[in-house]
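Keep in mind that what you see is a predicted model, and the values were worked out from it rather than measured. Convention: sequence-line order gives letters A, B, ...; per-chain numbering from 1.
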Amino acid sequence: MQVSRIRALRGPNLWSRHTAVEAIVSCNAADTLVAGLEQQLRRTFPAIGLIRASSPEQTLCLAHALEKITLALQVQAGCPVTFSRTTPTQEEGTYQVTVQYSEEAVGRRALALAQDLCQAAQNGSAFDVEAALAELRELDEDERLGPSTGCIVDAAVARGIPFKRMTRGSMVQLGWGSRQRRIQAAETDTTSAIAESIAQDKDLTKAVLHAAGVPVPLGRPVENLEEAWRFAQEIGLPVVVKPLDGNQGKGVTVNIVDREHFGIAYNAANKYGQVLVEKFLPGQDFRLLVVGDKLVAAARREPPLVVGDGIHTVRQLVEQVNADPRRGEGHATSLTKIRFDDIAVARLKVQGLEPESVPEKGQRVILRNNANLSTGGTATDVTDEVHPEVAARAVAAARMVGLDICGVDVVCESMQRPLEEQSGGIVEVNAAPGLRMHLTPSYGKGRDVGQAVIDYMFPPGNDGRVPVIAVTGTNGKTTTVRLTAHLLKANGLRVGMTNTDGVYVNDRQTDSGDCSGPRSARNVLSHPEVDAAVFETARGGLLREGLAFDRCQVAVVTNMGAGDHLGLNYITTLEDLSVLKRVIVLNVQPDGMAVLNAADPAVAAMGPHCPGDVTFFALDAHHPVLATHRAQGKRVVYVENGSIVAQKGKQVVRIPLSQVPLTRNGQIGFQTENVLAAVGAAWAVNTPWDAIAQGLSTFISDVQGVPGRFNVFDYKGATLIADYGHNPDAMQALVQAVDNMPAGKRVVVISGAGDRRDEDIRDQTRILGAAFDEVLLYQDACQRGREDGEVVALLQEGLQGAMRTTHVESIQGEFNAIDTALSRLSKGDLCLILIDQVEEALAHIRQRVGHA
Amino acid sequence: MHKAFAGLHLHCLPCAHLPLVLPSLPTRAAGHCMPRHTPMSNKKIDFLRMTHLRGPSIWTYRPVMEVLVDIGEFEDFPSNLLPGFNERLSAWLPGLIEHRCSPGVRGGFLKRLQDGTWIGHILEHVSLELLTLAGLPDGYGRAREAGPRGVYKVIISAAHPAVAKRALHMARELIMAAVEDRSFNIATHVQELTDLVDDLLVGPSTRAIVDAAWNQRRIPHIRLNAGNLVQLGYGSAQHRIWTAETDRTSAIAEGISKDKDMTKQLLAACGVPVPQGEVVESPQQAWEAAQDIGLPVCVKPGDGNRARGVSLELTQEADIRAAYDIALQQGSEVIVEQFITGLEHRLLVVGGRLVAASRGETASVTGDGRHTVQQLVDLQINADPRRGSDGSLPLESVRLRENSPEVLELKRQGMTPDSVPETGRSVLVKRTGNMTTDITDIVHPEVAYMACLAAKVVGLDIAGVDVVTPDITQPLHKVGGVVVEVNAGPSLLMHLNPAQGNARDVGQAIVQHLFPEKESARIPVVGMMGDADTSRKAQLVAWLLHLKGWATGLACSDGLYLNQRCLQSTGGMDFENAQRLLINRNVDAAVFETDVRLLMTEGLPYDRCQVGIVTRMPSTQNLQDLFAGEDDRMPGYIRTQIDVVLPMGTSILNADIDAVAELAQYSDGAVTLYAQAGTHPRLIAHRAEGGRTAFWRDDVLVLAQGEHETEVLSTQRPAVARLLKDGSLSQEDILVAACAAWALETSPDLIRAGIKSFGQNAHSH
């Protein structure tokens, strides 16, 4: 068995909506899953489950086993994954194996381990499954979000808010574009840096809380007994008296309630230096969680402790406690084992104990001074007990410090009475508080604090999404994308757009080159000035990585035609291609819209796969698919009597084609189709009709608008048309458009891209040969794996027996070819230049036109 | 600002409302009290008491230090009778010529010295001059006779009490040295005071914001710690700043800005140009990466600090390989980064706008074949009179300390501070952090947009965006410029005090960002003074505001209250406690009762108020320890309550007492007069002018303005009658509180309901 290419599909993809690893696996006869091999696999890894092929005629082989093992390893390691699939390719014995992952690194590692396991089974050697699972578990714990961040992200997902991890740590983007927010664990992007600094300064915190009338253990150093007593009365009894620089509790007296006791305590502390008088807060430790201006959870916290029974030693008691199966090692469980380390031993010493001492029955022995769950402390949920006055103080404290998410540490006897009544107080406020103690307290009810955070950040009805329009198809994608973006812009939105020319945000180019993949789309969705996004979604990125988004509001499929790029990446037939391009339709949100070309059967067939509604468009008002849809009262866009008509039942809007310059009065059919698609898309995101009409009237397909898309020039009275078309369907559309334009001699300049099937290259000139008098061939810059001259030869083959062409010439270099063509033109002639290096060629043409 | 306070920034304008006027001519001393020829040592200046008046006081709006001075025998020796004193003083402190004093002209105070003036007055001017030299110009000062012979009150402004105290003590030492013809080292003393100012006052960036808030918007501030944490505005209307961070500065954004690599990734994703870079793991990889990125490159440690291990502008394979090893010694990973040729610029973005930009200049010396680099630096750079090391000059001296970035820069050029460069060779000494030039006006709009976008992408409301570009007047992508860093809490100094070009009011930009033009920084504040009759009035006002739905704080003689909850029952009026209400972000409105003693010992706990109320004119009888003088001086003290009323605010005065009613002249805002009866001539006159009045008529409370009258409630109503009968309220309490509520646009219905329900819910906790 050979695993040749592994990809991580990070969004919805050809196989499923889930993130997945995809591998190309080749098996030979030796890899057939004979009974012995399968038994060996099961002996090694019993959890493997049933091995079945997706269709009964397939022979089971190791590829199928690899799939199931990769999945089962992740499941056993605790990952929430369910989907896997093995698909044969047209190459004998070669399969595409796809297995869902929840963490990419875990998925990749599971695949590698599964390979090892298969190998071991084949060789009859050993494979340590337990070690493999332990490794995956550990990797998963490292990779996945921690409990605090995780609960917020889970709550976001439940609300339909998309998320993206910004770091390998806990920083996460929630929502998209201008509606995005950020969190980092239990911190939001509105958590104030100043507030955090205040929270870190205990004295300053006390001072501001005191100003706000929140009870705090006020304290200060004093000079003498009289001043000390005066201050004690000022802050109110009971008080603590202690040396300012005390350690180990020497000279500390707590809970002083009268003058006499106070005097003794003062003298005791005074022996060790200057005396500090502080308000004493009797009681237990509580943590109150404030989100926004609400108290959302409260927990009583206890440090790790054991209770003596008069028989066992401290060490034995700790062992007994740790034997509790709920106590685990990491953050995964609600209880963690008590650590018996140097810190614990030192803590015992303070209490006059040794690890081997036997504490009295009922004696509480504390093993650590803090109540963190991670060091063995416990948390008990007390949310329902909190007195409204206590909650009000916690909220006031958070607000005073300025924290939107705040862990308030309270010391008092009970949550059920106002703090002021029980000499309780707030001792600390914490930014980015841990949420685990509220999510999975050791005792009591877990609280959905993640939801509280999400509801605070995203008010009801706001899912953080900006409209996303995905556009795919064989031809017309770029123009449709640009025009759709232009229509949304006419509605005042700042639009982010990706296409084969680059990334544009609000008309600024932010990246260049072919940007029709998911990386560019993700960048747009993270841009803070994007109110809506329009993505050209090319096949390459979709195959490589899946979609950049979990779902879109609108999916536009312009056409499939005869297909393009067939034969690459196991996409060999038009049907394969349709299944691939259908992915955007499958991932339309339930209240979204697919905008589909009714006239293209492969596209129209995608309609039933859309979870949302469908808008059909077609030039022909009477196309049966469109007419049926219209009769059903659903949305359609078509051309009738020189107008674009958008109709839904009785609602009809007409925009005259004469006011849509891109279509040249409807002369250019393929541009008109692009306009219909864009109108359907803009309508789907509720763009007002006046904005749509205005946008259509101002969109000019000049070089500024869509470089390389039917750019028309005048050269000494001849018409030049520059276009980036490079497949048979594009040729057909161009020929149709050019046929509508009156001209004398017709000249075409063409090269062929090497990464097409031979027949597709030949077809292009076959189409052109019927419509042009002269054909100038040149070799394009990048032959994409073809021999020198090979493509030109294919193009020439296509011209054999051409109906119209009388002159064929091969020329070295694009500029030379253009110049030659121009030299052959007279006034009234027409020349179609199929450019390759878009920017350079257009610059060259512009220069020649300028000098004409 | 009111006319009587108009001269705040000028020294010694006669204070119209104060009877304590220093004798203008030394006739008394010269007349019957001839100087006795006693030894100089018996002449001394005793400071009897220092009082820090933290808020508006009987002297001025500003915090001041009031020192009670006994000048003893000096009472008989005005300045003209102290031989050589005036000459020594003016020689030591030449700046005294700027003190206009009562003559109101330059040299006015020197004239007074010549004519003979007393030590208390001199103490004031010398203290202020010392403060001016220590960087605190525009001080406020007064000197007044306190009453007993030779005892004066000297008042100087106190930006910080410890600074004012030190200045007064220093001034006393200086005066005594001048009197006794001893030497006095002005420079060391001024230095000491300057250091104290630098230590104790807010830093210059913070000061710029605080000053802009006050000077342009009259937004008050309260300092919240010994550092630069300051609140602007009051209560729930406040914003906090901490140097150039605001309470809107996101902690997450700050974290991102500190992670340079993450910042670069985020910026690049949004199309902000950043230098390309790669982490490399071997010299070979470094060279390959350099070729990918394009030469020249710089090679640096990924986590190193400052310039250590950084090699710039490399083009040769051998150099790049060598630079890898140098970088590796300083950090755990090595980064090869595109070297951007260009100048360093700092663009300050505030609230999505570019508000200032400066360019850092490099510093170089040119060899002459004779001097060492060290010597050339002193000759060609440090000789610039704008350079120094004491912080008062715009530029710092360049020092070539071991391992400093400057020395590393030399090393890159194959030199040490002791090298002698050949004639004409230019040696780069400092690449960054040198002098700055303001270039705000020439930044290309596209560059400004990119800086603002960079701040937004990181998530900072205030950011210093570092841009390296050969030409700031061109879009970055056209000339190959990049954003290299986005800084939170940027220093404002380079914009406030550039070495060249215009200073920019970045403080104002930050204030505008926090308080857009229409947003008020103030909450409604009601202040009242009377004669031990104001507690219940204050409580009733607070109750009415509480019912209005405002979270209301109350500081009165009964204690400190928040939302009708008692925080403490004693010391509620003390400055420290009362001010808590204004610090509290949860407070929407505050009511303050103050008595004259607190006014004279602490000052008012707020700077200005919407509503200022005076009900009675107390006696000075119990204030003799404060040298309050006779009763006729009381209006001069009490008027402070009316002086602090905002122009949009209201003064509420008892028309039944003439001395109170006459305070109306000091009000910047509107005046409401109240009296027991509407027939009071003052009320009739005030109504005739369209003013607001309130009175009782046939047991009915009437609020009247011009023709318009509203009958609010009747004492016949059982609820009101009960309150009056059991002494919970008096008719005057009701009258005053209704006026205050009216001034804050409370409806008569709510006033009526509130008065009737007074005491029913209060103090329930």
Side-chain angles (χ1 to χ4, degrees), chain A residues 166-167 171 178 181-185 187-198 201 203-204 207-208 210-215 234-236 389 392 395-396 399-403 418 420-421 431-432 496 502-505 508-512 519-520 522-530, chain B residues 222 224-227 229 231 236 239-243 245-256 259 262 265-266 268-273 446 449-450 453 456-460 477 488-489 553 560-563 565-568 570-571 576-577 579-587 765:
Chain A
M166 298 172 70
T167 58
M171 199 183 291
S178 60
R181 301 289 309 271
R182 288 173 185 162
I183 58 161
Q184 183 164 31
E187 247 179 326
T188 78
D189 49 11
T190 51
T191 303
S192 150
I194 288 185
E196 285 197 357
S197 302
I198 293 174
D201 181 335
D203 287 333
L204 182 57
V208 297
H210 174 65
V214 173
E234 194 182 313
I235 58 178
E389 285 289 312
V395 170
R399 203 171 152 203
M400 192 60 200
V401 172
L403 288 171
E420 293 80 359
E421 277 181 21
V503 179
Y504 298 81
V505 173
R508 274 193 178 79
Q509 185 164 14
T510 63
D511 202 353
S512 57
R519 192 183 58 88
S520 301
R522 276 197 294 267
N523 286 347
V524 165
L525 292 177
S526 70
H527 195 298
E529 296 189 339
V530 165
Chain B
I222 298 174
L224 295 177
N225 70 356
L229 176 61
Q231 86 173 55
S236 58
H239 281 294
R240 290 179 186 150
I241 56 164
W242 201 326
T243 316
E245 278 176 345
T246 77
D247 47 13
R248 294 189 186 167
T249 304
S250 153
I252 290 183
E254 247 193 45
I256 293 173
D259 182 338
M262 185 175 186
Q265 283 177 32
L266 290 177
C270 292
V272 177
E446 273 298 314
Y449 170 80
M450 281 300 167
L453 179 61
K456 194 168 188 178
V457 168
V458 171
L460 288 171
H477 62 265
L560 193 67
Y561 295 81
L562 183 61
N563 278 336
R565 178 169 66 92
C566 181
L567 300 185
Q568 60 185 59
T570 57
E576 189 78 31
N577 283 319
Q579 199 184 46
R580 284 163 62 187
L581 300 178
L582 301 175
I583 293 173
N584 193 339
R585 289 183 126 169
N586 305 309
V587 166
H765 301 305

Q) Hey, what do you get for OG1 (A/Thr510) to NE2 (B/His477), rounding to the nearest 0.5 Å? A) 12.0 Å

Q: Would you mind checking which part of A/Asp189 comes under 4.5 Å of any heavy atom in chain B, side chain (CB onward), backbone (N, CA, C, O), both or neither?
A: both

Q: Considering only heavy atoms and a distance below 4.5 Å, find which of B/Val587, B/Val272, B/Asn586, B/Ile583 pairs most often with chain A.
A: B/Asn586

Q. What distance separates A/Arg182 CZ from B/Ser250 OG, expressed to the nearest 0.5 Å?
A. 8.0 Å

Q: Mark yes when over 12 heavy atoms from residues, nucleotides or ligands other than A/Gln509 sit less than 6.0 Å from its CD; otherwise mark no.
A: yes

Q | Working for side-chain contact (heavy atoms from CB on, under 4.5 Å), residues B/Arg565 and A/Glu420 | A | CA-CA 11 Å; B/Arg565 178 169 66 92; A/Glu420 293 80 359; 3.1 Å; yes

Q. Looking at side-chain heavy atoms only, is the closest gap between A/Leu204 and B/Leu229 below 4.5 Å?
A. yes

Q. When heavy-atom pairs shorter than 4.5 Å are enumerated against chain A, which of B/Leu266, B/Leu562, B/Val457, B/Leu582 gives the highest number?
A. B/Val457

Q) Who among B/Asn225, B/Leu224, B/Thr570, B/Thr246 has the most heavy-atom pairs with chain A under 4.5 Å? A) B/Thr246

Q: Quick one: pull up CD in A/Glu529 and CG in B/Leu453 and give me the separation to the nearest 0.5 Å.
A: 5.0 Å

Q | Polar side-chain atom of B/Arg580 near backbone of A/Val208 as donor-acceptor pair, under 3.5 Å | A | no

Q. Out of B/Gln265, B/Arg248, B/Glu446, which one racks up the most heavy-atom pairs below 4.5 Å with chain A?
A. B/Glu446

Q) Using a cut-off of under 4.5 Å for heavy-atom pairs, which of A/Ser197, A/Ala207, A/Ala212, A/Pro418 has the most such pairs with chain B? A) A/Ala212

Q | Most contacts with chain A, counted as non-hydrogen pairs under 4.5 angstrom, among B/Gly271, B/Ala253, B/Cys270 | A | B/Cys270

Q. Of the listed residues (A/Thr190, A/Ile194, A/Thr191), which shares the most heavy-atom pairs with chain B below a 4.5 Å separation?
A. A/Ile194

Q. Side chain, backbone, both or neither: which part of A/Ala396 has a heavy atom under 4.5 Å from chain B?
A. both

Q) Does any non-hydrogen side-chain atom of A/Ile198 lie less than 4.5 Å from one of B/Arg240? A) yes

Q: Kindly compute the distance separating CG (B/Asp259) from OG1 (A/Thr167), expressed to the nearest 0.5 Å.
A: 9.0 Å

Q) For A/Ser520, is it the side chain, the backbone, both or neither that has a heavy atom under 4.5 Å from a heavy atom of chain B? A) neither

Q. Of all of B/Lys456, B/Gln568, B/Glu245, which one pairs up most often with chain A through heavy atoms under 4.5 Å apart?
A. B/Lys456

Q) Checking A/Met171 against chain B: side chain, backbone, both or neither under 4.5 Å from a heavy atom? A) side chain

Q: Tell me, out of A/Glu196, A/Glu234, A/Arg508, who's got the most heavy-atom pairs with chain B below 4.5 Å.
A: A/Arg508

**Q.** Student check: side-chain heavy atoms of A/Val401 and B/Arg585 closer than 4.5 Å
**A.** no

